[in-house]
2 protein chains.
Amino acid sequence: MPTTTAAQRREQARADYDAFLRECPTNQLLGRLSDKWVSLVVAALAPGPMRYSDLGRKIAGVSPKMLTQTLRTLERDGIISRTVTPSVPVRVDYALTPLGTSLAGLLTAVKAWAETHFDDVRAARETYDTENPA
Amino acid sequence: MPTTTAAQRREQARADYDAFLRECPTNQLLGRLSDKWVSLVVAALAPGPMRYSDLGRKIAGVSPKMLTQTLRTLERDGIISRTVTPSVPVRVDYALTPLGTSLAGLLTAVKAWAETHFDDVRAARETYDTENPA
DNA sequence: CTGCATCCATAATGATACTG
DNA sequence: CAGTATCATTATGGATGCAG
């Protein structure tokens, strides 16, 4: 007879993956996903694969450094794939993996929310600032 | 006769709200939402209102400073409401607004994704690190 | 209890120039 | 084209002490 009941093991498993807990790795993963560039890159790749320079153009304002850094971590996390075509000049394509595709829907939804509800937020800010003068 | 055509105005309106564009305010809003504490606070409030100290306990690892800062920003943006009960000691409850509720579903989905797919990500990292030694 | 103000160390980010 | 290297700047976040 086990020293832990099934209920206890289930409780433990949930605790292990509760992102509210600080030490939990999923907390860190959530931190990764909570990145503006991550959202934009994943959203940009959602319609289909893209080249490095195309991403740089589509995501206006991203520096080469941040773009590379974001792409590297996403690749390492198995969310995107990187394909090098050794032509001249060299060509590199990035695409969502199946794992990345499962995430893309969620992040594009957040991005779409920001675009849709921006007016509401702006109105709320004006009201707040009026009621709470500096 | 207007100096801009309807098509031009439509194009302009879309450009104004395309979060891929850097100067676009929605880009900044997306940056706001792409915050670990924002995700956790909104997710924590999704089931129902909570007091300040309860939030601090539920979201392990958050300092009073960051908690207050996050709550203020969310309040200003119309995503949560703040209710003060002038008892002794004072009691402050935070709750999602309708706007916040519409966002909560999306952010909790991302949080749930992190918890669900963490094992996949971890496996991907091990593979990547094996194939790309330092 | 619920915060706000301040200081401070560190990490993240951005601009820029350069290379295979 | 697809990055890398460097440097300056900013943002983040924790610790602490105090106040309504």
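Quick note on labels: first sequence line is chain A, next is B, and so on, each numbered from 1. What you are looking at is a predicted structure, and each value in this text was computed from that prediction instead of being measured.
Rounded to whole Å, atom P of dT4(D) lies 13 Å from atom CE of Met66(A). Nucleotide dT13(C) holds its C1' atom 15 Å from the CG atom of Leu40(A), rounded to whole Å. Rounded to an integer number of Å, the gap from CD of Glu75(B) to P of dG3(C) is 9 Å. Per the geometry, CG belonging to Leu67(A) stands 13 Å off C1' belonging to dT4(D), to the nearest Å. The distance between atom NZ of Lys36(A) and atom C1' of dG14(C), rounded to the nearest whole Å, is 11 Å. The interatomic distance linking Asp54(B) (CG) with dT2(C) (P) rounds to 8 Å, in whole Å. Taking atom CD of Gln28(B) as the reference point, atom C1' of dT13(C) lies 16 Å away to the nearest angstrom. For Arg32(A) and dA11(C), the CZ to P distance is 15 Å, given to the nearest whole Å.
When the nearest nucleotides of DNA chain D are assigned to Pro89(A) and Pro64(A) by heavy-atom distance, the more 5′-ward of the two goes with Pro89(A).
Contact annotation: Tyr94(A) side-chain N/O to dG3(D) OP1/OP2 distance is under 4.0 Å. In terms of phosphate contacts, Trp37(B) brings no side-chain nitrogen or oxygen within less than 4.0 Å of OP1 or OP2 of dG14(D). The phosphate of dC1(C) has neither OP1 nor OP2 within less than 4.0 Å of any side-chain N or O from Arg51(B). OP1 or OP2 of dT2(C) has at least one side-chain nitrogen or oxygen of Ser53(B) nearer than 4.0 Å.
Residue Ser63(A) has its side chain nearest to dA15(C) when only dA15(C), dT13(C), dT4(D) are considered. Checking dC4(C), dG3(D), dC1(C) against the side-chain heavy atoms of Arg72(B) singles out dC4(C) as nearest. The nucleotide whose nearest atom lies closest to any side-chain atom of Thr68(A) is, among dG3(D), dC1(D), dA15(C), dG3(D). Closest contact between the side chain of Val90(B) and the listed nucleotides dT13(C), dG20(D), dG3(D) involves dG20(D). The nucleotide whose nearest atom lies closest to any side-chain atom of Lys65(B) is, among dT13(C), dA2(D), dT6(C), dT6(C).
A donor-acceptor pair under 3.5 Å is formed between the side chain of Asp35(A) and the backbone N or O of Trp37(A). A distance-only check finds a donor-acceptor pair linking the side chain of Thr108(B) to the backbone of Gly105(B) [under 3.5 Å].
Heavy atoms only, all atoms of each residue included: Pro64(B) and Tyr52(B) are closest at O-OH, 3.3 Å. Thr26(A) approaches Ala19(A) most closely through the heavy-atom pair OG1-CA, 3.5 Å.
Using a 4.5 Å cut-off on side-chain heavy atoms (C-beta onward), Lys111(A) and Leu33(B) make no contact.
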